[in-house]
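A quick write-up on the structure given underneath.
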There are 2 protein chains.
Amino acid sequence: MNKAFCINEDRVADVRKLMKSDKIMNDLAATFKALGDLTRSKIVFALSKKVLCVGEIAALLNISQSAVSHQLRVLRDMKLVRSRKEGQVTYYSLDDIHINFLLKECFRHVME
Amino acid sequence: MNKAFCINEDRVADVRKLMKSDKIMNDLAATFKALGDLTRSKIVFALSKKVLCVGEIAALLNISQSAVSHQLRVLRDMKLVRSRKEGQVTYYSLDDIHINFLLKECFRHVME
DNA sequence: TTATCATATGAACATATACTCATATATAAC
DNA sequence: GTTATATATGAGTATATGTTCATATGATAA
């Protein structure tokens with residue numbers, strides 16, 4: 001990790017000035033990480049199509065209710081989904097419209 | 001995982017029809033996962049500002065050359081960054097413009 | 001050739017994580 | 001009250017992952 005000759009200090013300094021705070025970068029990475037699991041990305045995609053309760057998500061993805069609940073917690077913590085309780089049933093939906101845009105942009109990358 | 005009363009079969013069937021293939025969903029999740037690490041998201045963000053060689057990235061983020069190389073491989077595999085070799089020096093840049101949009105959308109979500 | 005520089009990579013290790021299982025909580029019906 | 005339903009959660013476990021260290025590869029210079 002010694003300073004190498006190939007390093008242009010000015011260029012590095014330029015970029016360093018533009019870097020966001022560690023808190024913001026942490027949140028950014030954590031948001032991507034929350035979406036970076038097959039089960040969770042399927043849940044988020046499904047919720048981008050329709051509001052669903054926990055049992056419906058489990059049935060749709062053919063996984064256990066417990067697994068769904070655990071993953072919904074991760075998504076809730078990152079404010080990617082929100083819940084609304086009606087009696088015994090808890091319905092989940094995307095937290096905001098940006099999540100939809102995020103999905104769409106990523107699909108665009110994957111498709112090309 | 002028995003069928004629960006709360007499940008509306010028609011609603012579940014509707015969403016199931018809209019679900020993408022496992023291959024596509026896998027690629028989607030893998031792309032998010034590649035961005036879902038603090039080191040890698042910092043690298044991608046830096047590259048969205050300027051083309052940089054491996055040593056410059058290591059200097060900028062204050063981490064070892066080896067760690068950077070390992071993470072660049074992950075990003076290359078997911079086609080998030082591309083490399084161009086000039087003599088001994090390898091310069092990295094974002095692979096396509098969608099990556100920039102992805103970053104921007106995620107920042108929007110994190111900022112609000 | 002030999003030496004140096006820039007980068008890549010394999011192995012090892014410590015941490016993180018996604019699931020299962022069992023159980024807790026909360027609501028509704030009886 | 002009891003029972004059933006829907007969801008949440010803690011513990012345990014097997015797998016995945018990010019780093020370090022050592023070394024390999026490849027290019028340039030002497």
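Keep in mind the model is a prediction, meaning the values are calculated, not measured.
The distance between atom CG of Leu38(B) and atom P of dT17(D), rounded to the nearest whole Å, is 17 Å. Remark: P of dT17(C) and CD1 of Ile63(A) are 18 Å apart, rounded to the nearest angstrom. Note: CD1 (Ile43(B)) to C1' (dA8(C)) measures 14 Å, nearest angstrom. When rounded to the nearest whole Å, the span between CG of Leu75(B) and P of dT7(C) equals 16 Å. Rounded to whole Å, atom P of dC5(C) lies 17 Å from atom OH of Tyr91(B). Between the CG atom of Leu61(A) and the P atom of dA18(C) there is a distance of 15 Å, rounded to whole Å. Between Arg73(B) atom CZ and dA11(C) atom P the separation is 12 Å, expressed in whole Å. In this entry the distance linking CG of Leu72(A) with P of dA6(D) reads 16 Å, nearest Å.
The side-chain tip of Lys20(B) does not point at the ring of Phe45(A) from less than 6.0 angstrom away and within 45° of straight on.
Annotation: side chain of Arg84(B) is not in contact with side chain of Ser93(B) (no heavy-atom distance under 4.5 Å). Side-chain contact between Met25(B) and Ser41(A) is present, with at least one heavy-atom pair separated by less than 4.5 Å. Using a 4.5 Å heavy-atom threshold, the side chains of Ile57(A) and Leu47(A) count as touching.
When each of Glu86(A) and Glu56(B) is assigned the nucleotide of DNA chain C with its nearest heavy atom, Glu56(B) is the one assigned upstream, toward the 5' end. Between Gln88(A) and Ser69(B), the residue anchored closer to the 5' end of DNA chain C is Ser69(B), taking for each the nucleotide with the nearest heavy atom.
Backbone-only contact: Tyr92(A) has heavy atoms under 4.0 Å from sugar-phosphate atoms and none from a base.
OP1 or OP2 of dC19(C) sits under 4.0 Å from a side-chain N or O of Gln71(A). Phosphate contact (OP1/OP2 of dC19(C), side-chain N/O of Ser64(A), threshold under 4.0 Å): absent. Remark: Arg40(A) is in phosphate contact with dA18(C), judged by side-chain N or O atoms under 4.0 Å from OP1 or OP2. The shortest distance between the side-chain N/O atoms of Lys33(B) and the OP1/OP2 oxygens of dT17(D) is below 4.0 Å.
Taking 3.5 Å as the limit, the base of dT9(D) and the side chain of Ser66(A) contain a donor-acceptor pair of atoms between them. Side-chain atoms of Gln65(B) and base atoms of dA6(C) include no donor and acceptor less than 3.5 Å apart.
The side-chain hydrogen bond (donor to acceptor under 3.5 Å, both in side chains) test with His109(A) singles out one residue from Asp27(B), Thr31(B), Asp96(B), and that residue is Asp96(B).
Here dA6(D) is the nucleotide among dT9(C), dA6(D), dA18(C) with the atom lying nearest to any side-chain atom of Cys6(B).
The aromatic ring of His70(A) sits over the base of dT9(D), with ring centres less than 5.5 Å apart and planes tilted by under 30°.
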